[in-house]
Amino acid sequence: MLGVARDASADDIKRAFRRLARELHPDVSDAPDAEHRFREVVEAYEVLSNSERRELYDRFGHAGLRSGGFQPSSFDLGSLSDLFSAFFGDDLFGMGGRMGRSRGGDIAASVEIDLTEVATGTKREVPFGVAVPCDRCNGNGAEPDTPVTTCQTCGGNGRVRQVSRSVFGEFVRAGTCPTCGGAGRLIEQPCEQCSGAGRVIEERTLDVEIPAGIHDGQRIRLSGEGHAGAAGARAGDVYVDVHVRPDDRFVREGNDVYTTVDLTITQAALGATLSVPTLEGETELTFAPGTQPGELVLLRGRGLPVLQGFGRGNQRVLVNVTVPRRLTEEQRRLLEEFERLASEETYEPSEGFFDKLKSAFR
């Protein structure tokens with residue numbers, strides 16, 4: 001989709017996305033499939049710009065993304081510069097001060113949660129500074145009871161056009177009105193509280209519901225909770241990036257989790273019951289006599305929930321058999337006696353041993 005090599009760097013991916021987005025956005029391109037292709041390019045960028053999703057896609061393709069709960073972000077194609085502000089925090093097209101009322105800017109925030117909270121879902125308070133309508137002037141930027149007039153230079157459009165002729169034909173140049181700065185109106189006496197901006201910065205805290213099964217780096221959109229728009233236009237959105245802290249006990253792959261358990265050579269040979277960690281807490285697990293290193297014990301339904309779906313993944317417990325590094329003389333004698341009494345049947349390999357080892361490291 002982006003036209004980059006498989007080993008492309010993050011900067012290469014971002015540059016390719018910016019180039020294609022400029023060409024394909026429906027506000028710019030007249031191609032009938034521009035919107036569809038643009039959405040595909042945005043989805044490709046969302047996948048490849050996130051290290052966890054990129055690794056998942058490289059290994060398993062789209063099937064891995066679906067099993068990992070990835071959902072492309074929804075966005076409003078009606079506002080080109082606002083969309084790119086959500087991705088990059090800047091205005092790629094230089095469309096600041098566009099005609100009409102400007103939608104409010106978007107806000108980026110982030111939260112950190114534990115893997116155990118991914119299993120149940122959680123709620124977090126997210127603090128951020130947001131521009132809200134000034135209560136003194138009601139957002140119009142003028143001191144109360146003072147006049148606001150329409151800009152005569154642009155006729156209230158906020159933009160002016162200049163037409164010039166040359167041997168190649170007519171050239172039309174459009175730009176922000178120099179008189180009103182794109183507002184389309186003139187304020188004789190700016191509001192004392194907001195200095196004519198119509199908005200003031202306010203510290204706000206939102207309770208964000210984080211759904212169970214969310215993946216590291218996924219984004220939650222809170223529509224209409226961003227900066228207030230100019231002259232009463234719609235507020236922007238808040239995008240909350242969710243980061244999942246690493247857990248030393250588990251390795252996540254999609255909706256499945258992996259953990260290890262250490263057995264001594266005697267526990268592996270004679271069998272044992274040990275406590276192993278799960279996302280819900282410790283659980284007792286019985287290992288049969290003759291348990292081999294590399295064996296996988298499957299705990300069905302003990303993994304992570306499917307994001308915005310049904311069911312849960314599984315937990316796989318990888319058996320590691322520890323070998324003693326230091327022996328007393330008596331221990332050495334007993335092991336040597338055991339080895340003398342052992343036969344071929346004692347070490348008979350279990351069927352599929354190497355397949356189990358391979359599956360543990362896929």
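In what follows, every heavy atom counts, from backbone to side chain, and hydrogens, waters and symmetry copies are set aside.
When side chains are defined from C-beta on, R37 does not count as touching M1, because their heavy atoms never get closer than 4.5 Å. Within the 4.5 Å cutoff, side-chain heavy atoms of Y239 are placed close to those of D106. With contacts defined as side-chain heavy-atom distances shorter than 4.5 Å, the pair E203/P127 does not qualify. A heavy-atom distance below 4.5 Å is found between the side chains of T259 and Q315. Counting only heavy atoms from C-beta outward, the side chains of D241 and R219 approach each other to under 4.5 Å. The shortest distance between side-chain heavy atoms of P305 and R312 falls below 4.5 Å. Residues V251 and E253 have side chains not in contact (no heavy-atom distance under 4.5 Å, counting atoms from C-beta outward).
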Criterion side chain to side chain contact (heavy atoms under 4.5 Å, CB included) on E143 and C191, from CA distance to verdict: CA-CA 4 Å; E143 195 58 20; C191 172; 4.2 Å; yes

Test side chain to side chain contact (heavy atoms under 4.5 Å, CB included) applied to L327 and L335, step by step: CA-CA 10 Å; L327 298 172; L335 283 177; 3.8 Å; yes

Test log, rule side chain to side chain contact (heavy atoms under 4.5 Å, CB included), inputs I220 and Q218: CA-CA 7 Å; I220 297 174; Q218 285 190 305; over 6 Å; no

E188 and T146: CA distance, side-chain angles, deciding distance, side chain to side chain contact (heavy atoms under 4.5 Å, CB included) verdict: CA-CA 7 Å; E188 293 186 10; T146 60; 5.8 Å; no

R15/D12 under salt bridge (charged side-chain N to carboxylate O under 4.0 Å, His left out): CA gap, chis, key distance, verdict: CA-CA 5 Å; R15 281 193 294 268; D12 293 336; 2.5 Å; yes

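Interatomic distance, OG1 of T205 versus CD of E125, reported as 6.0 Å (0.5 Å rounding). Between the OG atom in S223 and the CZ atom in R234 there is a gap of 5.0 Å [rounded to 0.5 Å]. Here the SG-CD1 distance, from C194 to I201, works out to 11.0 Å after rounding to the nearest 0.5 Å. Expressed to the nearest 0.5 Å, how far CD of Q152 lies from OG1 of T150 amounts to 7.0 Å. In this structure, OG in S343 is found 5.0 Å from CD in E345, a value given to the nearest 0.5 Å. Note that the CG atom of L186 and the SG atom of C180 stand 6.0 Å from one another [nearest 0.5 Å].
Side chains of T264 and T322: no donor on one and acceptor on the other come within 3.5 Å.
Screening residues 110-119 for side-chain hydrogen bond (donor to acceptor under 3.5 Å, both in side chains), with sequence neighbours left out, gives E112-R245, D114-R245, E117-R124.
By the side-chain hydrogen bond (donor to acceptor under 3.5 Å, both in side chains) test, D135 is found to be paired with Q193, residues two or more places apart in sequence or in another chain being considered. With sequence neighbours excluded, no residue forms a salt bridge (charged side-chain N to carboxylate O under 4.0 Å, His left out) with R302. Residues that satisfy the salt bridge (charged side-chain N to carboxylate O under 4.0 Å, His left out) test with R340, not counting sequence neighbours, are E337. In terms of the side-chain hydrogen bond (donor to acceptor under 3.5 Å, both in side chains) criterion, residue partners of E282 (sequence neighbours excluded) are, by chain and number, S275.
Both F250 and I214 are members of a single hydrophobic cluster when ILVMFWY side chains are connected at heavy-atom separations under 4.5 Å. Taking hydrophobic clusters as Ile, Leu, Val, Met, Phe, Trp and Tyr residues chained together by side-chain heavy-atom distances below 4.5 Å, F128 shares a cluster with V132.
When all heavy atoms are compared, the tightest approach of C154 to V160 is CB-CG1, 3.9 Å. Nearest heavy atom pair, residue P289 against residue L270, reads CG-O, 3.4 Å. Residues P211 and L307 come closest through the heavy atom pair CG-CD1, 3.7 Å. Closest approach of G290 to Q292, counting heavy atoms only: O-NE2, 2.9 Å. In terms of heavy atoms, R252 sits closest to G213 at NH2-O, 3.1 Å. Listed here is the closest heavy atom pair of A109 and V126: CB-CG1, 3.5 Å.
Classification of E330 and R333 as a salt-bridged pair holds, one side-chain N sitting under 4.0 Å from a carboxylate O.
Grouping Ile, Leu, Val, Met, Phe, Trp and Tyr by side-chain contacts under 4.5 Å, direct or through others, puts L263 with V261, I265, L274, V276, L285, F287, V297, L299, V317, V319, V321, V323.
Exactly one residue among R204, H227, E225 makes a side chain to side chain contact (heavy atoms under 4.5 Å, CB included) with V238. That residue is E225.
By the neighbour-count criterion of 12 heavy atoms within 6.0 Å, atom CG of D207 is densely surrounded, having more than that number from other residues, nucleotides or ligands.
Side-chain atoms of N314 never come within 3.5 Å of backbone atoms of D256 as a donor-acceptor pair (strictly under, hydrogens ignored). Not a single donor-acceptor pair under 3.5 Å links the side chain of N157 to the backbone N or O of R159.
The aromatic rings of F17 and Y45 lie parallel to each other, with less than 30° between the two planes, well short of the 60° mark.
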